[in-house]
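Predicted model only: the values in this text are computed from it and were never measured. For the numbers below, each heavy atom of this structure counts, side chains included, while hydrogens, waters and symmetry mates do not. Nothing fancy with the numbering, it's 1 onward along the sequence.
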Amino acid sequence: MNPSALKGRSLLTWIDFNPEEIRYFLELSKKVKEEAKKGVRKQRFKGKTIALLFEKRSTRTRAAFETAFGEEGGHPVFLSNQDIQLGSKESIEDTARVLGRMFNAIEFRGFKQEYVEILAKYSGVPVYNGLTDLYHPTQALADVLTIEESFGSCKGKQLCFVGDGRNNVARSLMVISAKLGMHFTIVSPKELWPDNELKNLCETYAKDSGSKLKITDDIEEGVKGADAIYTDVWVSMGEEALKAERIKLLSSYQVNAELMAKTGNPNCIFLHCLPAVKGEEVTFDVIEGPQSRVFDQAENRKHTIKAIMLATI
Ligand code: CP
Ligand code: NVA
């Protein structure tokens with residue numbers, strides 16, 4: 001793969017990238033992390049600017065973009081929807097064209113996937129999806145990096161997502177797993193299974209990569225043999241009104257010591273994109289226990305986001 005093929009590209013979902021390109025981002029992330037550990041400071045974004053658009057709140061994603069861009073000499077500008085006109089007083093198309101004249105790249109976190117697509121289409125600069133209702137691609141790259149740090153290659157490893165199987169994190173993990181040849185299972189009540197369209201699309205990638213995809217509501221069958229158990233909040237940002245319904249649907253899908261034991265794998269790790277609601281989707285003992293890798297994951301957001309920006313700007 002010629003790395004110059006990535007210049008100018010946007011990351012809206014991993015659907016748009018082939019396995020070789022995703023592996024390039026991963027290997028660059030490892031290199032960037034090593035540099036950071038050695039204290040190597042380069043100035044690869046000197047004189048450059050990035051706009052960070054946030055309709056929803058964030059700790060990790062904002063901090064990762066700001067620090068990764070800033071420590072390379074670039075100037076990040078944070079714009080929440082209290083600051084700018086996005087979609088209310090000004091069309092997304094116009095905002096995109098204005099920002100594209102002033103910035104070298106744009107990050108967007110918000111509700112509609114359509115918005116991030118319009119930003120990419122009209123701005124003329126690389127646009128990064130920092131989470132929408134449908135996808136959270138930068139998270140998924142950090143998750144694969146964390147899995148590879150534990151086990152070496154992710155190919156043939158068994159990742160199992162337990163919980164709201166149709167949310168942005170689960171959907172992104174299904175795409176990246178299918179592309180990279182990692183086996184991926186969603187364990188979730190039927191009401192929260194991802195749509196067939198995405199599953200069928202991912203099956204076509206899985207055929208090429210050797211990944212096995214499975215969706216089940218059976219906990220025992222789903223988690224058996226897992227190398228990594230992953231969960232996320234039961235109520236994603238923007239869905240607060242559904243809280244009572246979700247608790248009813250998902251209570252028996254809590255990740256606790258008993259569920260971790262059902263994997264039958266003492267080396268199984270626990271992953272969570274954070275923020276977590278301890279006592280709901282995961283118990284305190286699991287997230288704080290020796291199997292948990294959640295703070296490595298959080299740190300890896302920064303290294304992977306830096307790699308994505310380096311490769312595309
Ligand atoms: N995991 C993640 O995206 O965290 P933030 O919502 O804090 O950015
Ligand atoms: N599914 C969660 C992820 C947060 C990082 C949400 O969308 O709120």
Whether over 12 other heavy atoms sit under 6.0 Å from [X] [atom1]:
X      : atom1 : value
Met102 : CE    : no
Gln43  : CD    : yes
Glu220 : CD    : no

May I ask you to say whether [X] pairs ionically with [Y], meaning some side-chain N is under 4.0 Å from a carboxylate O?
X      : Y      : result
Glu281 : Arg246 : no
Lys37  : Glu34  : no
Glu35  : Arg44  : yes
Arg166 : Glu239 : yes
Glu66  : Arg62  : yes

key: CG on Asn129 to OH on Tyr115, rounded to 0.5 Å   = 14.5 Å
note = dist His272:NE2 -> Asp232:CG (nearest 0.5 Å) comes out at 5.5 Å
request  = Would you sort out whether Lys207 and Glu203 count as a salt bridge (charged side-chain N to carboxylate O under 4.0 Å, His left out), showing the intermediate values?
outcome  = CA-CA 6 Å; Lys207 223 178 249 163; Glu203 285 292 2; over 6 Å; no
request  = Supply the members, apart from Phe111, of the Ile/Leu/Val/Met/Phe/Trp/Tyr cluster built from side-chain contacts under 4.5 Å; use none for a lone residue.
outcome  = none
ask   = If Ile, Leu, Val, Met, Phe, Trp and Tyr residues are connected whenever their side-chain heavy atoms lie under 4.5 Å apart, and connections chain through other members, are Val77 and Leu52 in the same group?
value = no
request  = Give a yes or no on whether Phe17 and Val32 share a hydrophobic cluster (residues Ile, Leu, Val, Met, Phe, Trp, Tyr; joining criterion: side-chain heavy atoms under 4.5 Å apart).
outcome  = yes
We want to know whether [X] and [Y] form a side-chain donor-acceptor pair, criterion being a heavy-atom distance below 3.5 angstrom.
X      : Y      : result
Thr216 : Asp218 : no
Asn256 : Glu258 : no
Thr95  : Gln85  : no
Arg171 : Tyr135 : yes
Thr146 : Asp143 : no

Determine whether [X] and [Y] make a side-chain contact, defined as any pair of heavy atoms from C-beta on separated by less than 4.5 Å.
X      : Y      : answer
Tyr230 : Val255 : no
Ile219 : Val162 : no
Ile106 : Leu79  : no
Ser172 : Gln139 : no

ask   = Of Gln113, Lys112, Lys56, which is the lone residue that meets side-chain hydrogen bond (donor to acceptor under 3.5 Å, both in side chains) with Asp133?
value = Lys56
key: ring pair (Phe, Tyr, Trp, His ring centres under 6.0 Å) partners for Phe78, two or more places apart   = Phe54
query = So, for Tyr205 and Trp14, is the gap between ring centers shorter than 6.0 Å?
reply = no
task = Would you please test Glu245 and Lys248 for salt bridge (charged side-chain N to carboxylate O under 4.0 Å, His left out) and show each step?
result = CA-CA 5 Å; Glu245 184 188 314; Lys248 225 190 259 167; over 6 Å; no
Any donor-acceptor N/O pair, Asp217 side chain to Pro189 backbone, under 3.5 Å = no
ask   = Can you pull the salt bridge (Lys or Arg N to Asp or Glu O under 4.0 Å) pairs that have at least one residue in residues 3-16, sequence neighbours excluded?
value = Arg9-Glu21
